[in-house]
> 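Dropping a structure here in structure tokens format, bear with me for questions.
Chain letters run A, B, ... following the sequence lines, proteins first, then strands; residues in each count from 1.
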Number of protein chains: 2
Amino acid sequence: MSDSQATNAPVGEPPKAPDLDRLRKTLDTYMNEKGLRTTEQRRLIVNTFFDSEAHCTIDDLLEKVRAIDPRVGYATVYRTMKMLSEGGIANELHFGDGAARYEIADDTSHHDHLICETCGIIIEFEEPLIEELQERIAAKFDFTITHHRHELYGRCKDTVACHARRAKQRTPGDLSNKE
Amino acid sequence: MSDSQATNAPVGEPPKAPDLDRLRKTLDTYMNEKGLRTTEQRRLIVNTFFDSEAHCTIDDLLEKVRAIDPRVGYATVYRTMKMLSEGGIANELHFGDGAARYEIADDTSHHDHLICETCGIIIEFEEPLIEELQERIAAKFDFTITHHRHELYGRCKDTVACHARRAKQRTPGDLSNKE
DNA sequence: TTTAATGCAAAGTTTTTGCAAAGAA
DNA sequence: TTCTTTGCAAAAACTTTGCATTAAA
């Protein structure tokens with residue numbers, strides 16, 4: 001790649017930690033507005049989600065939830081995560097392995113993802129200049145953007161660390177972009 | 001959006017027409033290498049695909065193919081499009097409505113997509129600066145990119161034209177990013 | 001002839017829903 | 001009590017495959 005057109009803007013700043021207190025308030029407000037009820041299961045699922053590492057699947061969450069209450073069903077986790085997505089507390093992501101993944105939503109910043117197809121590691125990056133170019137493109141086509149997907153698929157160059165991570169995985173998974 | 005950081009690079013240049021002759025040669029070579037056979041059905045499906053507008057689904061193709069030969073099965077179109085994808089003649093796309101879409105692949109240029117969630121129109125854009133920034137981000141994280149997805153979802157500002165298009169559609173489809 | 005491709009139907013995947021029973025408010 | 005939520009199982013919505021038959025080479 002040539003550097004000829006490159007700007008001096010910082011590239012790929014890592015995102016900061018989410019404000020869970022604020023998110024809990026957002027959720028309360030949302031549930032009140034919609035007349036949704038607070039249940040044992042929802043409390044457990046939300047707490048588990050807030051405690052989990054980013055990009056967890058429904059199965060990941062269900063496993064952790066069932067370690068505490070084995071009677072919780074898949075559909076409950078599914079519907080709770082859907083509720084969180086609709087309420088703006090979670091983002092639903094799809095990286096091509098067929099399973100939906102969730103991350104904590106943050107209104108105040110936005111990041112996109114870099115995915116290793118060998119070890120499955122998911123790296124978050126932020127690039128304001130790309131966001132700005134997106135807006136310019138949308139304007140050019142007389143378009144208003146509501147959301148976007150920007151995913152870079154590839155491979156870690158540090159193949160030792162990468163293969164070590166891969167070996168550790170229970171399910172290696174196919175993270176190619178076949179979805 | 002502020003223009004403060006914007007460069008003067010052209011934004012969102014539309015992609016050019018594909019070189020079908022070259023693609024047919026690529027396909028011939030690929031099929032020879034793999035010992036794949038040329039059949040009536042494959043010929044028909046490939047020609048239909050080359051004649052179709054971009055971003056057609058398997059169902060779109062099947063409908064056109066069956067207008068000529070009603071005996072062709074879904075699986076044959078499915079397997080032929082998979083062959084074209086593997087041979088680098090087609091790209092498989094997913095815009096969140098659950099159905100795979102195909103476009104003619106072009107090694108010499110790359111574009112991404114802008115999708116209207118109201119009328120379903122799909123606009124292609126090219127932005128070399130974004131491509132370059134992607135490479136810089138990958139480099140920063142010691143990563144090699146094999147491919148990427150960059151999709152902007154939103155709405156046409158010209159609501160009259162947009163709603164007219166929507167009304168014309170056989171199946172309005174849900175192009176939100178739920179996939 | 002030999003081996004690949006087709007068409008049908010069946011099987012997979014993952015998501016989504018219907019419904020009777022349980023539980024918030 | 002009333003109306004929402006749960007858990008199960010079944011339905012959806014696509015994609016993918018098995019296999020006997022057909023057809024390239």
Side-chain angles (χ1 to χ4, degrees), chain A residues 27-28 30-46 56-63 65-66 68-87 90 92-102 171 173-179, chain B residues 27-28 30-46 48 56-63 65-66 68-87 90 92-102 171-179:
Chain A
L27 179 56
D28 278 356
Y30 179 77
M31 291 182 76
N32 274 328
E33 275 172 2
K34 296 271 180 181
L36 301 171
R37 292 175 181 178
T38 302
T39 66
E40 198 73 25
Q41 290 94 330
R42 283 178 175 169
R43 233 189 316 264
L44 175 54
I45 293 164
V46 170
C56 50
T57 63
I58 290 186
D59 285 338
D60 292 339
L61 288 168
L62 187 60
E63 190 183 338
V65 161
R66 281 191 170 159
I68 295 168
D69 180 352
R71 311 197 37 197
V72 175
Y74 175 96
T76 303
V77 178
Y78 165 78
R79 284 183 281 221
T80 301
M81 295 317 293
K82 171 156 264 188
M83 175 186 80
L84 294 183
S85 302
E86 286 168 356
E92 194 178 314
L93 308 170
H94 297 262
F95 295 141
D97 62 349
R101 287 165 194 276
Y102 296 87
T171 44
D174 173 14
L175 287 164
S176 64
N177 200 2
K178 73 174 160 55
E179 176 196 355
Chain B
L27 178 56
D28 278 356
Y30 179 76
M31 291 183 75
N32 273 328
E33 273 172 3
K34 296 271 180 179
L36 301 173
R37 292 174 182 180
T38 300
T39 66
E40 198 74 26
Q41 291 94 328
R42 283 179 175 171
R43 232 188 317 262
L44 175 54
I45 294 164
V46 170
T48 303
C56 50
T57 63
I58 290 186
D59 285 337
D60 292 339
L61 289 168
L62 187 61
E63 191 183 338
V65 161
R66 282 191 170 161
I68 295 170
D69 180 353
R71 312 196 37 197
V72 175
Y74 176 97
T76 303
V77 178
Y78 165 79
R79 283 183 281 221
T80 301
M81 294 316 294
K82 171 156 264 186
M83 176 187 78
L84 294 183
S85 302
E86 285 168 357
E92 195 178 312
L93 308 170
H94 297 260
F95 295 141
D97 62 348
R101 286 165 193 276
Y102 296 87
T171 43
D174 172 14
L175 288 164
S176 64
N177 202 5
K178 73 175 161 57
E179 171 200 357

> Between the two ends of the helix from dT1(C)-dA25(D) to dA25(C)-dT1(D), what is the bend in degrees, rounded to 10 degrees, where each end axis spans five pairs?
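Rounded value for the end-axis angle: 30°.
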
> Could I get a table of every N or O pair under 3.5 Å where one atom is in the protein and the other is in nucleotides 2-5 of chain C?
{"residue": "dT3(C)", "atom": "O2", "partner": "Arg37(B)", "partner atom": "NH1", "Å": "2.7"}
{"residue": "dT3(C)", "atom": "O2", "partner": "Arg37(B)", "partner atom": "NH2", "Å": "3.1"}
{"residue": "dA4(C)", "atom": "O4'", "partner": "Arg37(B)", "partner atom": "NE", "Å": "3.3"}
{"residue": "dA4(C)", "atom": "O4'", "partner": "Arg37(B)", "partner atom": "NH1", "Å": "3.3"}
{"residue": "dA5(C)", "atom": "OP1", "partner": "Arg37(B)", "partner atom": "N", "Å": "3.2"}
{"residue": "dA5(C)", "atom": "OP1", "partner": "Arg42(B)", "partner atom": "NH1", "Å": "2.7"}
{"residue": "dA5(C)", "atom": "OP1", "partner": "Arg42(B)", "partner atom": "NH2", "Å": "3.2"}

> Please name all residues satisfying side-chain hydrogen bond (donor to acceptor under 3.5 Å, both in side chains) with Thr57(A), sequence neighbours left out, ordered by chain then number.
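side-chain hydrogen bond (donor to acceptor under 3.5 Å, both in side chains) list for Thr57(A), sorted by chain: Asp60(A).
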
> Without decimals, in angstroms, what is the distance between Lys34(A) NZ and dA25(C) P?
18 Å

> If I compare all heavy atoms of His94(B) with all of Ala100(B), which pair ends up nearest, and what's the gap?
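What the structure gives for the nearest pair is CE1-CB, 3.7 Å.
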
> Between the protein and nucleotides 8-12 of chain C, list the N/O to N/O atom pairs that are separated by less than 3.5 angstrom.
none

> Closer than 3.5 angstrom, by distance alone: can the side chain of Arg101(A) be matched with the main-chain N or O of Glu92(A) as a donor-acceptor pair?
no

> What distance do Ile45(A) atom CD1 and Leu61(A) atom CG have between them, rounded to the nearest 0.5 Å?
8.0 Å

> What is the distance from CG of Leu62(B) to C1' of dT6(C), rounded to the nearest Å?
13 Å

> Tell me the interatomic distance from Ile58(A), atom CD1, to dT6(D), atom P, rounded to whole angstroms.
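Value for this atom pair: 13 Å.
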
> What's the NE2-C1' distance between His94(B) and dT13(C), to the nearest Å?
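Atom NE2 in His94(B) sits about 14 Å away from atom C1' in dT13(C).
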
> To the nearest Å, give me how far apart CD (Glu92(A)) and P (dT14(C)) are.
14 Å

> Round to a whole Å and report the spacing from CG of Leu61(A) to P of dT14(C).
16 Å

> Provide, to the nearest angstrom, the distance between the CG atom belonging to Asp69(A) and the C1' atom belonging to dT5(D).
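Going from Asp69(A) (CG) to dT5(D) (C1'), I get 14 Å.
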
> Got a list of side-chain donor-acceptor pairs under 3.5 Å for residues 30-44 of chain B, not counting sequence neighbours?
{"residue": "Asn32(B)", "atom": "ND2", "partner": "Asp28(B)", "partner atom": "O", "Å": "3.4"}
{"residue": "Thr39(B)", "atom": "OG1", "partner": "Arg42(B)", "partner atom": "N", "Å": "3.1"}
{"residue": "Arg42(B)", "atom": "NH1", "partner": "Arg37(B)", "partner atom": "O", "Å": "2.8"}

> List for me each residue that meets side-chain hydrogen bond (donor to acceptor under 3.5 Å, both in side chains) alongside Thr48(B), sequence neighbours excluded, and say none if there are none.
none

> Just the rounded figure in Å: distance from C1' of dG7(D) to CD of Glu40(A).
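That distance rounds to 16 Å.
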
> Once rounded to the nearest 0.5 Å, what's the spacing between atom CG of Leu62(A) and atom SG of Cys56(A)?
11.5 Å

> Between the protein and nucleotides 10-13 of chain D, list the N/O to N/O atom pairs that are separated by less than 3.5 angstrom.
none

> Evaluate the criterion side chain to side chain contact (heavy atoms under 4.5 Å, CB included) for residue pair Ile58(B) and Tyr74(B); output intermediate values, then yes/no.
CA-CA 8 Å; Ile58(B) 290 186; Tyr74(B) 176 97; 3.4 Å; yes

> Sub-3.5 Å donor-acceptor pair from the side chain of Ser85(B) to the main-chain atoms of Met81(B), do we have one?
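Yes, the answer is positive, given that a donor and an acceptor are paired below the 3.5 Å cut-off.
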
